[in-house]
Amino acid sequence: MSNSEDVQVLPLLPLKNSVLFPNLLMPLSVGRPSSRAAVEAVLATEGKEMVIVAQRDSSKEEPQFEDLYNIGTRAIIKKMARQSENHMELIVLGVERVVILRLEQSQPYLTARVRPYPLPDEKTPEVQALHRAVIELAGRAIQLAQPSLPVEVSQFLSSTDDPVRLAYLLGSMMSLELSKEQALLEAATPGEALRMMHKFLTNEIQVLELRNKIASEAQSEMTKQQREYFLRQQLRAIQQELGEKDPQQAEVEMLRERLEKLQLPEEVAKEAQRELSRLERLPPGAPDYQVIRTYLDYVVELPWNTTTEDNLDLARARQVLDEDHFDLKEVKERILEHLGVLKLNPEAKAPILCFFGPPGVGKTSLGQSIARALGRKFERMSLGGLHDEAELRGHRRTYIGAMPGRIIQAIRRGGSKNPVLMLDEVDKLGRDFRGDPAAALLEILDPEQNKSFRDNYLDLPFDLSQVFFITTANTLDTIPRPLLDRMEVLRLPGYSEEEKIQIANRYLIPRQLKEAGLTPEQCSFSDDTLRTIISRYTREAGLRQLERNIGRVARKVALRYAEGKTEPVAVRPDDLPEMLGPYVFSKEELRKELPPGVATGLAWTETGGDVLYVEATLLPGGKGLTITGQLGEVMQESARAAQSYIWSHAEEFGIDAAVFKDSGLHIHVPAGAIPKDGPSAGITMATAMASLYMQAPARPDTAMTGEITLTGLVLPVGGIKEKVLAARRAGVTRIILPRANEKDLPDLPDEVRRDIEFIFAERIEDVLAAAVPALAEKAQALKTG
Amino acid sequence: MDRPKQLPAFFFPSLQSEERTYWRPSVDVYRTPNGWLLKFDLAGVRPEDVHVEVQGCLIRVSGVRRDLLAEEAGSYYSMEISYNRFERTISLPCEFANPHVSLEGRDGILIVRVSEG
Ligand SMILES: Nc1ncnc2c1ncn2[C@@H]1O[C@H](COP(=O)(O)OP(=O)(O)OP(=O)(O)O)[C@@H](O)[C@H]1O
Ligand SMILES: [Mg+2]
C-alpha cells in the first residue's frame, strides 16, 4: 500500500535536531518566521500537507537547500493550536518518505518539489530473523530503561508486523543522534533499516547496563554525609516554601543568644564568636558546618560557670558518710578534715585521694557518698585499659568524628565544674605508642596546671581546679611513681567476717530486701546464716559476692510471698543450699600435719589476703636452686637470701654440709595465689628450707610473713590486715609477724586479736624457734650465742 | 461495553505516536430486519470524494476530506478536525451470497445499507 501521488510541490518545514518518521505522530513547536509562514500556507490548503526535512546544521536559522538533508517525510498537520502571535503548537503525522528533488521557492517560506521514496518490500528469511532479533533486543532495552513497564509493551512491539514501521517506531523512541535517525530514515531497504536498528539497540543496551551499574554503585557509595546534605537541602527548601525562617539563621541566632547568656571567660568568648561567624558564612551542606555546629553545641553546654554549692555543715556530712558506710574511719576523717579547711578557706585545693584496696570494699560507693556529703555531683570513669592519651584529652577537631576527651565529657555530663570525679582503676592505666595517658593524667591532676586544662577538641582552657579528684586502685605497684606522689593514698584493706556481718546487717540486707520488695519483718538473716554465706559462698576481702548472695536469697523469699506465703521467713544456714545451690567453697582447711620442708606463708594479693604453702624439696644429684610457681624477681631474691643464710649457719644447726653438695634445692610456691609483694615470703622460705634440711616439720597451726636479709634480719611487710584476716578465715591460730609490724595490730578487729596469738620476730631465729618445735632450742641458742 | 482489548497507550506514551497515515471516520453499525445499516461520520466530505468498495463481507470506505473553508477563513487559531485521506474497513458476518449495497448521504453522514440482493 502506497500513498504516493508522484511528484508534488509542497511547503517545506525544516526541523532542527529531529527526524519525522512515516506513520508516526510528532508534536512540533513552530516559532521561526519562515516556518510559521510555511505552516500558515499549509493550513490554508485543503489537505494540510507539507514536507518535513531535518536540517544538517541546526544552527542555521534560514536554511537553504544545501543545509537540508535530501530525504524527508511528507506530513499532514493533524492538529494545531496558536499559543501566541509568534508561536504555534502542531501535531504532525508522517505519511511517507520522500526525496527532495529541488527547492522551488525560498521566500517567504521554502517549498520543495518532492517525490515519494518508498522502501521495497523484502521478505527474505534474513529480514525475518532480523525482525525477531530487533524485537527481542527492544524488549531488553525497555526492560533496562524502565523496568516497571509491563510486559505488554514488548508484546506490543512484536505485534507490529511491518519491520520498517517497527524500526521507525523504535528509532523515534530511542532519542538517537540526529545523524542516526536520518540514516534510519534513509535506509534503502527494510533489511538495512533493521540492521541499523540492531546496532543501535545493542549499543543502547550496553549503555543502559553501564548506567544501571553506575547508578547502583553510586547509590551504595553515597555516604551518610551526602544523604544528610541532600535531606537538609530539601528540608530547607520545604521550610522556605512554608514561609518558615531559614533554619540555619535560626540556629546561629539561638547559639549566639546562648553564648551571650553564658558569660564565658574572655578568651573562650572570643573563640566561640569566631567559630560562630564562620558557621554563619557556611552553607549548611558544607562538611564543616556540622563540625562547627557540634563544636559550638558542646561549648555552650559545658558548665563554664556552673558550680554547686558545697555543704559545709560538718555534722550533716558526718551523718551522710556514716549512713552510707560502716567503719572506714580514716577515710571519713580525712574528708571531714578537708571540709573543715574549705570552711575556713573556700579557695583551698581539694586533696587528690587514691582509694586503694581489694575489689568490693567500697571504694566506688565511698566516692559517691563523699559527693553526697559535700553536695556535689558525682561522675566516674574507668581508666582501665586506657592506652591512648587522646581518650583523656580528645582529638583535634580536624579529625573526622573528633570528640572531646573523657575528662571533658564527664564534666559535661555532671553539669558543674566542681564535681567529685572518680577515676577508677588508675593502676590499670596502659601505655603504648599512642602516647602516655599517665602523663596527661599528671597534668590533669596537677593543681598548678589544671586551672587551664586544654582538651584537644575544645582547644580552649577549661578550669578543672575545683574538681574533687578521687582515684581508685587495687594495687599501688603499677601506678607510675610521679602519679602516685601526687595522690594521697587511703587504704581500704577489706573486712573481717565480723565486720562483714555488721555491714550486712546494717547496709546490705536492708538494701537487698528493699530491692526485692520485702520488709525487714518478712525476711531475716541470723548471724550464723551470714557466716555460712560468707564462708561457703564467698571468698573475698570485699562485699560483692556477699551482697549478691543476700540478694539471691531475698528474691527467693520474695517468690515464696508471691506464691502465697504469709508468715515471716527467718533464713537458717540449712536453708542455704536449697536457695543458693550447693556450697561453692569448702571451709578452708588447714593441713593437719606438715611434712618436713613445708611452711605456711601469708600473701597479700589484689583480692585480699591468702594462705599459701611454700614447699622445699631436695633434688638429689641436682645443683643449685630451682624455684617454680609464678614467682617474680623479688621472690627469687628472697629465696636466695634465705638459702644463703641457712647454708652459712649449717654447722650451728647441725645440718650435714654434704647435703648441700650432693643435692639441688627446689622451692615451689603454689601458683594459685600469686603474691604481689615478693619479699614477704622470705621467712616462710627460710623456714621451709630449715625444716627440710633438718627433717623437722613446722607447726601446721602457725603462719608467717616477713622479709629476710642475708644476715637473718626480719623486715616489715605490708598488707598485714588482709593477711591476718585470710589466715583467720583459714583457721590459723598463730601468726609470726616482723616486729616492726606490731604497730599494725590496732587496725585489726578486736575479735581477731582475741582469737589469734601473734609472735613478733626480729631475726630469723625467732621465726624458726616459733615455727619448728624441733629447732626451738638450737635457734634460741644460736640467737643468744 | 467491553473494555478495549488493545494495549492501553498510557502504559508507554511514545507508543501512542504509532498511527496510520490516514484518519478513520467513526462508524455506527445497525442490525436491520433484512440486513445491516452502517453510518459513517464524514462531515465536510464531498460526495465525489467518497469511495465505497464492497468485497465479499468487507466494506471499505475511503476518500479525502478537503478543508472547504481553507482559503476564505484567513488564518487558523486552532485546528482539530482531521483532513486529507481517510479510510475505514468494516467486516460484516458473511451471510450474503449476493449483497446489495445502497448509499445515501445525509447531513454529512454517509449511510450504507447492505442486504441480500
Ligand atoms: N563499709 C561499707 N559499708 C557499707 N557498704 C559497703 C561498705 N564497703 C562496701 N560496701 C558495699 O559493697 C559494695 C561494693 O563496693 P564498691 O563497688 O564501692 O567496691 P569497690 O571498692 O569500688 O570495688 P572495685 O575495686 O571492684 O571497683 C557496694 O554495694 C558498697 O555499698
Ligand atoms: Mg569500684
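A, B, ... follow the sequence lines: proteins, then strands. Residue 1 opens every chain.
The closest donor-acceptor contact from the side chain of A:Thr202 to the backbone of A:His198 lies under 3.5 Å.
The parts of A:Ile77 that come within reach of chain B are both its backbone and its side chain, each placing non-hydrogen atoms under 4.5 angstrom from that chain. In this structure, the portion of B:Ile81 lying under 4.5 Å from any heavy atom of chain A is its backbone and not its side chain. A:Leu43 touches chain B through backbone and side chain together, each having a heavy atom under 4.5 Å away.
The shortest non-hydrogen separation linking A:Leu170 to A:Met197 is CB-CE, 3.6 Å. Between A:Ala112 and A:Ile100, the closest heavy-atom pair is CB-CG2, 3.8 Å.
Side chain to side chain, B:Asp67 and B:Tyr76 meet the donor-acceptor criterion of an N or O pair below 3.5 Å.
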